[in-house]
Protein chains: 2
Amino acid sequence: MLDPIARVRRFNRAVTSEVGALDTSFLGRGRPLGVARVLNAIGHGRSDVAELRDYLALDSGLMSRFLRSLEEEGLITTKPHPDDARRRIAKLTAAGRREFEAYETLSNGQAQSMIARHSQPEALLAAMDMVAAALGRDRISLDEVDPRGAEARYCLGEYYAELSRRFARGFDVALSRDPDALDMMAPRGAFFVALSDGLPLGCVGLKGHAGATAEIKRLWVAPAARGLGLGRRLMDAAETAARKLSITTLRLDTNSALGEAQQLYRRTGWTEIERFNDDPYPDLFFEKRLS
Amino acid sequence: MLDPIARVRRFNRAVTSEVGALDTSFLGRGRPLGVARVLNAIGHGRSDVAELRDYLALDSGLMSRFLRSLEEEGLITTKPHPDDARRRIAKLTAAGRREFEAYETLSNGQAQSMIARHSQPEALLAAMDMVAAALGRDRISLDEVDPRGAEARYCLGEYYAELSRRFARGFDVALSRDPDALDMMAPRGAFFVALSDGLPLGCVGLKGHAGATAEIKRLWVAPAARGLGLGRRLMDAAETAARKLSITTLRLDTNSALGEAQQLYRRTGWTEIERFNDDPYPDLFFEKRLS
DNA sequence: CATGATATCTGACTTAGGTCAGATATATTC
DNA sequence: GAATATATCTGACCTAAGTCAGATATCATG
């Protein structure tokens with residue numbers, strides 16, 4: 001009854017029997033799924049026909065027909081790409097935008113009703129995030145970003161919130177040595193976020209100092225993404241960035257309440273060292289020499 | 001970024017882009033999905049053609065063609081129903097069973113690899129259970145069963161395990177007043193389990209005494225199914241059964257550590273009463289008069 | 001046993017989705 | 001500027017899936 005394989009297959013069945021409904025929600029407006037998907041992708045800002053075809057994995061002949069069909073309905077217009085007249089650019093007309101919005105409203109309403117019927121929506125959403133992250137694990141990208149950007153700020157906010165949950169005496173950023181954003185950007189350092197279909201699932205900062213030393217800061221992996229090896233991927237990205245910046249020694253501080261992080265460091269070539277700062281929160285210090 | 005609707009839609013996208021793979025896993029053996037689904041359903045024991053058609057929601061013409069195609073491949077045989085020669089019964093041949101097993105192996109392997117790649121499979125499985133329960137909430141059935149059967153025993157095991165996690169000093173069934181199975185079966189009482197696609201998600205027992213009084217025992221809802229109103233449905237079923245058995249007064253005992261249960265009782269017409277037994281675990285006692 | 005209901009089958013037809021081989025126009029490279 | 005590559009389009013063709021109107025055989029009922 002609790003056989004893991006049976007549980008996964010039960011999940012698959014539940015999902016596939018609902019997916020009919022998912023698909024037909026795209027129908028319901030008198031348009032086949034294929035055409036609706038193209039309209040939807042254009043509405044979400046994909047205008048280049050070649051990119052569309054690639055994204056939706058469609059044959060060029062089929063794509064062409066779908067575009068023609070949308071044009072005949074008066075929902076899109078196409079024109080040649082200004083830099084390359086072989087390529088075409090598709091754009092929604094006013095009617096097309098209205099139709100796209102109608103799909104969006106339908107889709108949002110469906111999502112909304114799923115949540116509204118549940119009396120513990122936060123638990124359900126967390127479960128959905130976790131499943132989505134696991135299903136899409138091969139599509140999680142690591143991007144180097146400005147630590148002041150929206151994704152980075154979101155990750156840092158979640159990171160601080162988690163620290164204050166996990167530290168017995170809470171966590172207050174103001175009391176910690178908050179790294180300057182410029183220290184975590186080229187040419188001194190770097191900041192990475194892990195993105196799954198637009199949702200930030202983790203981050204790590206590399207804070208460069210003068211000379212050949214740098215610190216790893218703000219390593220965080222969203223609860224929904226734990227177990228996918230994202231911490232290691234983030235650390236690898238930070239190390240690679242450090243090497244590119246000719247850094248030879250990395251250091252970091254952490255707290256013994258963060259067991260999984262500590263375990264990761266010990267498993268990946270870090271060695272414990274003496275305290276090297278007076279930040280009140282960390283009680284464990286590590287170093288790694290890059291060769 | 002944390003907009004609930006966006007999170008649900010992200011989940012839908014993740015799932016639909018994997019469902020292609022789910023579908024094509026049924027292919028991969030050179031047989032279209034429709035036919036493969038029929039083979040699969042027959043393999044899982046559905047032999048009556050009318051039942052198959054109903055289960056798979058297929059048109060009778062289409063069903064007939066699928067059966068013919070499987071017969072031509074030598075995977076099934078059909079014969080008239082012994083009691084009604086209009087109906088037909090489909091059965092796998094030896095070759096059909098081999099083919100069915102091949103699909104099963106493929107499907108199990110796929111599920112297995114999903115789990116194997118995750119380093120916290122239990123968390124992922126719990127999330128999948130929760131999502132599956134929420135998606136299939138309208139298909140959760142309440143069945144009256146023998147409390148000694150497999151489903152009931154599973155629920156009771158989970159129930160005891162949860163009590164020992166939640167009670168500060170643990171829980172030992174042997175010390176509790178374990179109701180006799182016969183007290184929770186007709187004509188004295190009843191036992192219900194909630195089933196979602198075969199997985200037990202909750203249970204409740206009605207323990208009849210001599211006279212017009214009965215007790216509610218062993219109300220449990222699986223963590224994956226919380227928030228779906230299953231506790232209430234189970235209690236309603238128990239009440240209805242009690243009325244049928246001409247019971248006029250229901251009692252129950254519970255523990256203040258089980259907040260959500262207490263809340264449910266208070267909201268559904270139960271009133272707190274004095275202790276009515278010497279079981280060491282409960283510290284709260286309720287009564288409800290049935291009209 | 002006549003009548004209507006039911007289960008399955010068959011043939012004719014439709015739609016959605018997709019493949020593939022050129023045709024056409026434009027860009028890139030030598 | 002010729003040869004080649006690329007992006008899109010068109011026509012011909014195919015499969016999967018599904019709908020629908022009878023045909024046929026059997027069952028249930030008065």
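Each chain gets a letter, A, B and so on, in the order its sequence line appears, and its residues count up from 1.
- Residues from residues 41-53 of chain A that place a heavy atom under 4.0 Å from any atom of DNA chain C: there are none.
- Between Ile89(A) atom CD1 and dT8(D) atom C1' the separation is 13 Å, expressed in whole Å.
- For the salt bridge (charged side-chain N to carboxylate O under 4.0 Å, His left out) condition, the pairs that include at least one residue of residues 187-204 of chain A, sequence neighbours left out, are Asp183(A)-Arg188(A), Asp197(A)-Arg13(B).
- Taking the side-chain hydrogen bond (donor to acceptor under 3.5 Å, both in side chains) definition, one finds that Arg226(A) meets it with Glu162(A), sequence neighbours left out.
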Query - Summary of protein contacts for nucleotides 17-30 of chain D, nucleotide by nucleotide, where a base hit scores B, a sugar-phosphate-only hit scores S (4.0 Å, heavy atoms) - result: SBBB-----BS---

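- One atom, CG of Leu67(B), and another, P of dT8(C), lie 9 Å apart when rounded to the nearest Å.
- Counting only residues at least two apart or in different chains, ring pair (Phe, Tyr, Trp, His ring centres under 6.0 Å) contacts with residues 48-93 of chain A are absent.
- Between Arg97(B) and Glu101(B) a salt bridge is recorded (basic side-chain N to carboxylate O distance below 4.0 Å).
- Look at Arg243(A) and Glu239(A) and you find a salt bridge, because one of the NZ, NE, NH1 or NH2 atoms lies within 4.0 Å of a carboxylate O, short of that distance.
- Of the residues Asp143(A), Val145(A), Val204(A), the one that meets the side-chain contact (heavy atoms from CB on, under 4.5 Å) test with Phe192(A) is Val204(A).
- A salt bridge links Arg9(A) to Glu104(B): at least one charged side-chain nitrogen sits closer than 4.0 Å to a carboxylate oxygen.
- The side chain of Arg88(A) contributes no N or O atom lying less than 4.0 Å from OP1 or OP2 of dA7(D).
- Taking the ring pair (Phe, Tyr, Trp, His ring centres under 6.0 Å) definition, one finds that His44(B) meets it with Phe100(B), sequence neighbours left out.
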